[in-house]
There are 2 protein chains.
Amino acid sequence: MKSTGDPAPKLRLLRAAAALLAESDGAPVSTRQITEAAKVTAPTLYHHFGDKEGLFDAVVAEGFAEYLDAERSIPASGQPIEDLRRHWDNHVQFGLDHPQLYLVMFGNIRPERRPSTVATAEAFLEEVLRRAAAASRLVVTPREAARSILAANIGVTLMLISDTAEKRSLELSVMTREAVLSAVATDSEADPVIDTEGTPAVVVAAIALNAALQSSHPDQLSGPELKLFLEWLHRISSRSAS
Amino acid sequence: MKSTGDPAPKLRLLRAAAALLAESDGAPVSTRQITEAAKVTAPTLYHHFGDKEGLFDAVVAEGFAEYLDAERSIPASGQPIEDLRRHWDNHVQFGLDHPQLYLVMFGNIRPERRPSTVATAEAFLEEVLRRAAAASRLVVTPREAARSILAANIGVTLMLISDTAEKRSLELSVMTREAVLSAVATDSEADPVIDTEGTPAVVVAAIALNAALQSSHPDQLSGPELKLFLEWLHRISSRSAS
DNA sequence: GTAGCACCTATAACGCCGCTATATGAACTG
DNA sequence: CAGTTCATATAGCGGCGTTATAGGTGCTAC
């Protein structure tokens with residue numbers, strides 16, 4: 001416990017490992033690369049982390065803390081389903097932001113050395129769903145719902161990561177998200193209470209379009225697209241805050 | 001091309017690799033283990049397969065042929081949605097029967113050395129969906145539907161594999177399956193095609209909303225969502241065909 | 001002081017890995 | 001039988017994760 005004396009080596013190892021992992025495009029990262037980048041010799045690594053996997057576990061733990069922070073920064077908005085959407089999107093976004101880290105966290109599924117991250121993410125999601133179960137109506141137990149959502153969420157994220165950047169489209173994510181969510185919870189009961197008083201032009205136009213769409217479905221949008229479009233339209237129309 | 005003379009070495013390598021991979025519980029399998037089990041020295045392996053990855057590709061190809069055979073043995077029953085269910089279940093079953101092989105085939109996602117299996121599975125599923133699109137009504141393009149279904153299918157299978165055998169429950173699979181399928185295709189007969197009414201109202205409203213959005217961006221939609229929303233809005237506004 | 005004692009880091013090496021330069025045999029072809 | 005081609009083996013390279021051993025460094029006890 002020296003207050004002054006820890007400029008780095010353990011921390012340098014962590015940083016170096018994280019950086020090399022992020023850069024290396026899926027290629028394995030060797031301990032020698034790491035120790036060299038951290039300007040440290042091999043035993044230092046094993047003294048502090050015991051193992052190569054121990055080091056990577058620490059890296060993952062850091063990334064996972066960031067992930068959970070982002071998750072926790074999504075507050076309960078009063079609309080649980082909407083919260084679930086944001087959590088889903090946050091999950092996907094994290095995967096696309098840190099693909100290599102994500103693959104270590106969620107892609108490397110070995111029964112023996114099970115990363116606790118999956119279980120933790122599952123538990124966290126379950127918690128969100130428990131709130132959803134209280135507020136809105138949940139069709140299954142939070143546990144089952146969490147597993148289903150997380151499985152689909154991971155599957156989608158892995159597929160998006162494996163796509164090249166230009167081919168990548170979030171439509172896959174949005175579509176699958178809506179599919180799973182709508183099956184797990186009753187989407188929304190509340191029809192919009194519309195007061196056209198001091199509402200912005202955007203809201204008015206959105207409501208008008210929504211009304212027009214009731215009588216005529218455009219064929220430019222596919223079913224799920226239309227469904228989602230209508231929902232977004234609904235979201236814009238029912239702006240309650242501020 | 002000798003008709004008689006191939007009792008084994010190449011084939012023994014394949015069998016040995018497959019066996020060792022299936023037995024080794026996720027632990028890496030070395031070329032030395034394989035060549036020793038096949039009673040062959042190292043260069044033989046590289047002569048026939050070029051690479052360790054080449055050998056495993058061959059193993060995967062064998063497993064994938066088995067997988068595709070099972071897939072193809074599922075005939076068109078006349079009920080396309082029911083067919084899709086069977087394909088989903090077959091996918092999951094294959095993953096649980098050959099977990100290690102499955103992890104190599106679908107879990108190891110590297111952008112560089114992309115396993116062709118995923119693409120092939122996707123294409124195959126797309127073909128099934130194209131039939132579904134003809135018979136029943138599909139609500140999205142077969143391509144999009146295939147990607148969504150496959151992503152969820154892989155995610156579920158990976159999660160089931162990572163579960164211990166006793167904790168494993170197919171409820172997760174069935175639940176997620178129904179969620180994705182019901183969102184992608186109308187289960188029974190479809191809702192009537194509504195193209196009748198006067199469309200201009202929609203177009204006008206869409207243009208108005210688009211204009212309103214230029215000056216004021218709603219905060220109910222996240223960045224990617226808004227982008228997609230605007231694109232769809234544009235699609236609706238510029239209806240020119242038919 | 002200095003002796004003892006944790007702690008942290010470095011030197012050097014072990015055994016395993018994927019892989020290959022080179023050589024040898026075996027089988028066809030002329 | 002000479003020539004060519006294919007298939008296998010000997011022996012070894014460089015890189016990997018890891019560690020036995022030893023050397024500093026700073027703290028506390030006398």
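The figures that follow rest on heavy atoms only: side chains count, while hydrogens, waters and symmetry mates do not. By convention in this document, chain letters (A, B, ...) are assigned in the order of the sequence lines, proteins followed by strands, and residues within each chain are numbered from 1.
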The test is ring pair (Phe, Tyr, Trp, His ring centres under 6.0 Å); show your working for A:H87 and A:F124 and say whether it passes. CA-CA 10 Å; A:H87 284 294; A:F124 183 83; 5.7 Å; yes
Whole-Å gap separating P (C:dT9) and CD (A:E36): 18 Å
Measuring to OP1 and OP2 of C:dC8, would you say a side-chain N or O of A:H47 lies under 4.0 angstrom away? yes
Mind checking whether A:R168 and A:L96 have side chains closer than 4.5 Å, heavy atoms only? yes
Ring geometry between B:F106 and B:H91 (parallel below 30°, tilted from 30 to 60°, perpendicular above 60°): tilted
Think A:T41 has a side-chain N or O under 4.0 angstrom from the OP1 or OP2 of C:dT11? no
According to a strict under-4.0 Å criterion, is A:H48 in side-chain N/O contact with OP1 or OP2 of C:dC7? no
Please say whether the positively charged group of A:K52, taken as NZ for Lys or CZ for Arg, lies over the ring of A:Y46, i.e. under 6.0 angstrom from the six-membered ring centre and within 45 degrees of the axis. no
Can a side-chain donor-acceptor contact be found between B:Q93 and B:D97 if the only test is distance below 3.5 angstrom? yes
Assess the residue pair A:E127 and A:R131 against the criterion (salt bridge (charged side-chain N to carboxylate O under 4.0 Å, His left out)); give the C-alpha distance rounded to whole Å, side-chain angles, the decisive distance to 0.1 Å, and a yes or no. CA-CA 7 Å; A:E127 188 51 40; A:R131 278 183 280 150; 5.1 Å; no
For nucleotides 16-25 of chain D, 5' to 3', base contacts (B), sugar-phosphate-only contacts (S) and non-contacts (-) with protein non-hydrogen atoms under 4.0 Å give BBBBB-----
